[in-house]
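Chain A is the first sequence line, chain B the second, and so forth, proteins listed ahead of strands; every chain is numbered from 1.
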There are 2 protein chains.
Amino acid sequence: MLDHTDKRILEELSRNSRLTMKELGEKVHLTGPAVSARVAKLEDSGVIEGYTIKVNQAKLGYAIHTFITIITESIFHQSYLSFIKTQERYLINNYKISGDGCYLLECKFPSNEELNEFLKELNEHANYKLSIVIEK
Amino acid sequence: MLDHTDKRILEELSRNSRLTMKELGEKVHLTGPAVSARVAKLEDSGVIEGYTIKVNQAKLGYAIHTFITIITESIFHQSYLSFIKTQERYLINNYKISGDGCYLLECKFPSNEELNEFLKELNEHANYKLSIVIEK
DNA sequence: CCTTTTGACTTTATTTATGAAAGGAGTGAA
DNA sequence: TTCACTCCTTTCATAAATAAAGTCAAAAGG
């Protein structure tokens, strides 16, 4: 289904998704049209879900990166889920998990003040454990 | 420093980083060369860190997505850090965190067997708490 | 008030990449 | 052998990127 060349293509596009088909072709030893056809297949089959950029959140003013383990008391999660929908500017990911907690919420904040305010509001909907990312 | 148009550019490129400069220009009401110059600025200033793809890990055979909270007993983390360097195929991210644990390790696995084997080996270097992602 | 400078943009023209079409090499099945 | 199939290359028309020159408006200085 996926041969070595396809994996090379995924590696190269992960590193730089704005390569031209010609450049990508040179890296994996194919011509432009050939590599273009393979990329189209990878898109159609859903292996490549999309093309995106890595944004430096700190330079956008979001210096604080956190993971918040959510423990909801009630069996109804709707209160928590509705709340985070109103907090999109802070959200990176919300994972439903099994294990120690119901959700793992990945967030970014510009300042401790805003983090603190967020946690205060969050606490009305769920308990939490906070982890702050020091280094990636 | 970063005006509304720059933010629009970041949004559009986050959604699809393979837009042509012409298409991107149309979306933000600029010509190709104008938007190209802005993107170059965003790259030079480090706001755009890179261009990448979203890969469907499940379709690559990695169906299991986990977060593992690492608690190292000793004050020397080297044993753990050396270990994970040998496990690159499973690794997505390793965050050094403050809070409940020393590291938060994001991993992917093809099967419970390999996850189990990984945990067994991990346990020689650190204690852990496992969370498995059910939904994103 | 006029002139100059600056920055961000558009226009134009050249270079370069894309993508469709045709053709060839290798593989497996009848 | 022959056919069908897949995957590739080559070629070429079209489209995009990029460099250079020109436009315009706002700010600074005489």
If we only count heavy atoms from C-beta on, is the A/K136 to A/H65 side-chain gap below 4.5 Å? no

How many Å lie between CG on B/L19 and P on C/dT18, as a whole number? 15 Å

Earlier contact from the 5' end, DNA chain C, for B/D3 and B/R18: B/D3

Among C/dT18, D/dA16, C/dA8, which is the nearest nucleotide to the side chain of A/M21? C/dT18

Let's see if you can work this out: which of C/dA8, D/dA17, C/dT18 has an atom nearest to the side-chain heavy atoms of B/K41? C/dA8

Find the distance A/E23:CD to C/dT18:P and express it as a whole number of Å. 8 Å

Position toward the 5' end of DNA chain C (nearest nucleotide), B/P33 or A/P33: B/P33

What nucleotide, of D/dA17, D/dC8, C/dC9, holds the atom closest to the side chain of B/A34? C/dC9

Please tell me which of the listed nucleotides, C/dT18, C/dC9, D/dT9, lies nearest to the side chain of B/R38? C/dC9

Between B/Y62 and B/E114, a side-chain donor and acceptor under 3.5 Å: no

Ignoring the backbone of B/L30, work out which of C/dC9, D/dA17, C/dT18 is nearest its side chain. C/dC9

Please identify which of these residues, A/F76, A/Y80, A/F83, meets the ring pair (Phe, Tyr, Trp, His ring centres under 6.0 Å) condition with A/H125. A/F83

Let me know the distance between CG of B/L24 and C1' of D/dT18, rounded to the nearest Å. 16 Å

Do any side-chain nitrogens or oxygens of B/S36 fall under 4.0 Å of OP1 or OP2 in D/dA17? no

Please determine if a side-chain N or O atom of B/T31 lies less than 4.0 Å away from the OP1 or OP2 oxygen of C/dC9. no

In whole angstrom, what separates B/K22's NZ from C/dT12's C1'? 15 Å

Ion pair present between A/E49 and B/K54, side-chain N to carboxylate O less than 4.0 angstrom? no

